[in-house]
Amino acid sequence: MKKYKILKYIFVIAISLLLIQCNSDKKKLNRELTKIAAEWNRSTPVALEAHTRFDSVGVTPDNVFQYYYTITNIENPQKLIASYKNEMLEKMDKIYATDRSLQFFVENGVTMEYIYRDTMQNVVDVITIETDKYRRTKE
């Protein structure tokens, strides 16, 4: 019976240490993402083209990296996003699969959100990219 209690305590301690380590890694990643976001935000807002302004970048407590855009100079931003969404997804797919500058996000399994808003800051659409699928297998 004494062995059982000792094993139980060892198991509880091991699980606790594992959870602390995971939480510590999550906080470390959040600090890194927050630094990256702050760097990006130094150069925002910026007009990307006639109808899109890149406003800012944010990071959630769950380490979701969020890009905020505003659709401008158009009456129906929903229609604009809908007409280009498939093309945007294809381009993003290629970029995340090949661009080395995005490998930090891929290697850390960071979810990316591209949040498009109208000029009243109402959300028009959110494109979510799960970067895990671009992680390269080690051979």
Side-chain angles (χ1 to χ4, degrees):
M1 198 58 135
K2 203 172 197 179
K3 276 186 177 182
Y4 176 74
K5 277 188 175 184
I6 292 172
L7 286 175
K8 182 178 170 183
Y9 286 126
I10 290 173
F11 180 73
V12 168
I13 290 170
I15 293 296
S16 297
L17 289 173
L18 183 62
L19 291 174
I20 289 169
Q21 179 64 36
C22 289
N23 197 26
S24 176
D25 289 347
K26 186 176 176 181
K27 286 180 182 179
K28 182 179 177 185
L29 178 59
N30 191 272
R31 284 192 299 273
E32 288 298 315
L33 292 173
T34 300
K35 285 181 194 175
I36 294 168
E39 192 69 32
W40 274 91
N41 285 330
R42 289 187 187 139
S43 61
T44 60
V46 63
L48 298 178
E49 42 88 13
H51 300 293
T52 309
R53 182 180 68 223
F54 175 44
D55 294 322
S56 65
V57 179
V59 179
T60 70
D62 291 329
N63 294 330
V64 176
F65 202 78
Q66 299 175 313
Y67 293 94
Y68 291 94
Y69 298 91
T70 298
I71 305 300
T72 61
N73 306 320
I74 193 165
E75 283 186 36
N76 191 342
Q78 291 86 356
K79 185 176 180 182
L80 178 71
I81 293 294
S83 65
Y84 288 106
K85 189 170 184 174
N86 285 337
E87 183 181 330
M88 289 187 314
L89 287 169
E90 287 174 15
K91 284 181 182 179
M92 287 178 184
D93 199 40
K94 287 178 186 174
I95 290 170
Y96 279 98
T98 60
D99 190 336
R100 291 188 185 273
S101 68
L102 296 173
Q103 288 308 298
F104 172 80
F105 300 104
V106 172
E107 293 304 318
N108 286 287
V110 176
T111 298
M112 311 295 277
E113 286 184 345
Y114 296 82
I115 302 165
Y116 292 88
R117 302 177 294 193
D118 62 20
T119 55
M120 301 300 291
Q121 299 304 295
N122 298 311
V123 174
V124 174
D125 201 352
V126 177
I127 297 174
T128 302
I129 305 291
E130 299 291 341
T131 61
D132 281 339
K133 72 180 182 178
Y134 304 106
R135 193 173 297 175
R136 294 183 181 144
T137 57
K138 303 225 189 308
E139 297 166 10

Q: Could you give me the CA-CA distance, side-chain angles and deciding distance for K85 and I127, then say whether side chain to side chain contact (heavy atoms under 4.5 Å, CB included) is met?
A: CA-CA 9 Å; K85 189 170 184 174; I127 297 174; 4.0 Å; yes
Q) salt bridge (charged side-chain N to carboxylate O under 4.0 Å, His left out) with E87: which residues, sequence neighbours excluded? A)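 Salt bridge (charged side-chain N to carboxylate O under 4.0 Å, His left out) list for E87, sorted by chain: K91.
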So do [Y] and [X] actually touch side chain to side chain, heavy atoms under 4.5 Å?
| X | Y | result |
| --- | --- | --- |
| E113 | F65 | no |
| M112 | T128 | no |
| M92 | K94 | no |
| F105 | T111 | no |
| T70 | Y116 | no |
| T34 | R31 | no |

Q. Parallel, tilted or perpendicular for Y114 and Y67, by the 30°/60° rule?
A.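 Aromatic pair Y114/Y67 classed parallel.
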**Q.** Nonpolar side-chain network containing V126, other nodes, edges under 4.5 Å
**A.**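 Under the 4.5 Å side-chain rule, V126 groups with Y68, I115, V123.
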Taking all non-hydrogen atoms of both residues into account, name the closest pair between [X] and [Y] and its distance.
| X | Y | result |
| --- | --- | --- |
| I74 | L80 | CD1-CB, 4.0 Å |
| E39 | R42 | OE1-NH1, 2.6 Å |
| G109 | D132 | CA-OD1, 3.0 Å |
| D125 | I81 | OD2-CG2, 3.4 Å |

Q: Would you mind listing every salt bridge (Lys or Arg N to Asp or Glu O under 4.0 Å) that reaches into residues 95-105, with sequence neighbours excluded?
A: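 Found none.
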Q.
By the salt bridge (Lys or Arg N to Asp or Glu O under 4.0 Å) test, which pairs, at least two apart or in different chains, include something from residues 62-81?
A.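 Checked against salt bridge (Lys or Arg N to Asp or Glu O under 4.0 Å) - neighbours excluded - the pairs reaching residues 62-81 are K26-D62.
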Q: List the steps, then state whether side-chain hydrogen bond (donor to acceptor under 3.5 Å, both in side chains) holds for T44 with D55.
A: CA-CA 6 Å; T44 60; D55 294 322; over 6 Å; no
Q | Residues T72 and R53: side-chain donor-acceptor under 3.5 angstrom | A |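 T72 vs R53: no donor-acceptor pair found between side chains.
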Q | Set of side-chain contact (heavy atoms from CB on, under 4.5 Å) partners for N108, sequence neighbours left out | A |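 Partners of N108 by the side-chain contact (heavy atoms from CB on, under 4.5 Å) criterion, ordered by chain and then number, come out as L29, F104, V110.
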Q.
Could you walk me through whether Y134 and T98 satisfy the side chain to side chain contact (heavy atoms under 4.5 Å, CB included) test, starting with their C-alpha distance in whole Å, then the side-chain angles of each, then the deciding distance to 0.1 Å, before giving a yes or no?
A. CA-CA 9 Å; Y134 304 106; T98 60; over 6 Å; no
Q: Salt-bridge test for D25 and K28: reply yes if a basic N is under 4.0 Å from a carboxylate O, no otherwise.
A: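 Salt bridge flag = no for K28 with D25.
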(Q) Salt bridge or not between K35 and E32? Use side-chain N to carboxylate O under 4.0 Å. (A)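 So K35 pairs with E32 through a salt bridge.
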In Å and rounded to the nearest 0.5 Å, what is the [atom1] to [atom2] distance from [X] to [Y]?
| X | Y | atom1 | atom2 | answer |
| --- | --- | --- | --- | --- |
| T60 | N30 | OG1 | CG | 7.5 Å |
| Y96 | E130 | OH | CD | 11.0 Å |
| K133 | D93 | NZ | CG | 5.0 Å |

Q | side chain to side chain contact (heavy atoms under 4.5 Å, CB included) between I71 and D118, worked out | A | CA-CA 5 Å; I71 305 300; D118 62 20; 5.7 Å; no
Q: Using the rule that two of Ile, Leu, Val, Met, Phe, Trp, Tyr join whenever any of their side-chain heavy atoms come within less than 4.5 Å, decide whether L89 and V124 are in one cluster.
A: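 Yes, because L89 and V124 connect within a single hydrophobic cluster, where side-chain heavy atoms sit under 4.5 Å apart.
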Q. Among pairs that include at least one residue of residues 74-94, which meet ring pair (Phe, Tyr, Trp, His ring centres under 6.0 Å), considering only residues two or more places apart or in two chains?
A.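 Every candidate ring pair (Phe, Tyr, Trp, His ring centres under 6.0 Å) pair involving residues 74-94 fails, so no pair, neighbours aside, qualifies.
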Q.
Checking the side chain of T52 only, and the main-chain atoms of E49 only, is there a donor and an acceptor separated by less than 3.5 Å?
A.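 Not confirmed, T52 side chain does not pair with E49 backbone.
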